[in-house]
Asks: 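Structure provided below as structure tokens; questions to follow.
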Amino acid sequence: MPIDATQAYDDGNIFAKILRGEIPSTKVYEDEWACAFEDINPQAAVHTLVVPKGRYVSWDDFSASASAEEIAGFVRAVGTVAREKGLVEPGYRLLANTGGHAGQEVPHLHVHIFGGEPLGRMIGG
Ligand code: AMP
């Protein structure tokens with residue numbers, strides 16, 4: 001069931017639990033601002049999720065309310081993960097599902113990084 005991108009932050013969401021170390025994840029990167037781990041149900045040869053450490057429900061919430069430092073830290077982390085995975089030269093795709101029409105399921109902002117193979121055009125049908 002997709003979430004409402006404007007709902008209040010829920011500390012019980014699965015990515016909050018991963019950030020607190022309460023449930024396992026295949027972590028590939030962590031710094032002061034962000035954490036990255038492998039998607040449990042990969043949709044491409046590389047499918048990594050990057051989440052900010054702050055309590056933000058969605059891209060809408062983050063872009064409206066996060067500090068400039070948090071935004072810079074998160075954006076840099078996404079770029080770092082893609083570079084460290086060797087995705088820049090072959091190319092990669094970023095996706096941030098936001099709310100109902102996009103099918104966002106986890107109410108903690110996450111950017112999907114897809115790569116490792118040709119990804120086709122834009123979005124699926
Ligand atoms: P979205 O539809 O953008 O909210 O995507 C949520 C993503 O989280 C999906 O691609 C799921 O496969 C992924 N996911 C859900 N639970 C976990 C988990 N415990 N560890 C890693 N990825 C997860």
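Numbering of ligands and ligand atoms starts at 1, following listing order. Because only heavy atoms are used, hydrogens play no part in the values below, and waters and symmetry mates are left out as well, while side chains stay in. No experiment lies behind these values; they were computed from the predicted model shown.
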Asks: Report all N/O contacts between ligand 1 and the protein shorter than 3.5 Å as a table of atom names and distances to 0.1 Å; if there are none, say 'none'.
Replies:
unit_1, atom_1, unit_2, atom_2, d
ligand 1, 2 (O), Gly103, O, 3.2
ligand 1, 3 (O), Asn97, ND2, 2.9
ligand 1, 3 (O), His110, NE2, 2.8
ligand 1, 3 (O), His112, NE2, 2.8
ligand 1, 4 (O), Glu105, N, 2.7
ligand 1, 4 (O), Val106, N, 3.1
ligand 1, 4 (O), His110, NE2, 2.9
ligand 1, 5 (O), His110, NE2, 3.2
ligand 1, 5 (O), His112, NE2, 3.4
ligand 1, 10 (O), Asp39, OD1, 3.3
ligand 1, 10 (O), Asp39, OD2, 2.5
ligand 1, 12 (O), Asp39, OD1, 2.5
ligand 1, 22 (N), Ile40, N, 3.1

Asks: Examine the side chains of Tyr29 and Asp31 and answer whether a donor and an acceptor come within less than 3.5 Å of each other.
Replies: yes
Asks: Looking at Glu30 and Lys53, is there a salt bridge between them, counting it only when a charged N and a carboxylate O are closer than 4.0 Å?
Replies: yes
Asks: Tell me which one of His47, Gln43, Arg93 satisfies side-chain hydrogen bond (donor to acceptor under 3.5 Å, both in side chains) with His112.
Replies: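 Only match with His112 under side-chain hydrogen bond (donor to acceptor under 3.5 Å, both in side chains): His47.
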Asks: Starting from Leu87, can I reach Phe74 by hopping between I/L/V/M/F/W/Y residues whose side chains sit under 4.5 Å apart?
Replies: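 They do share one cluster, since a chain of ILVMFWY contacts under 4.5 Å joins Phe74 to Leu87.
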Asks: Using side chain to side chain donor-acceptor pair (under 3.5 Å) as the criterion, list what pairs up with Asp60, not counting sequence neighbours.
Replies: none
Asks: Is the centre of the His110 ring less than 6.0 Å from the centre of the His108 ring?
Replies: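 So the answer is no for these two rings.
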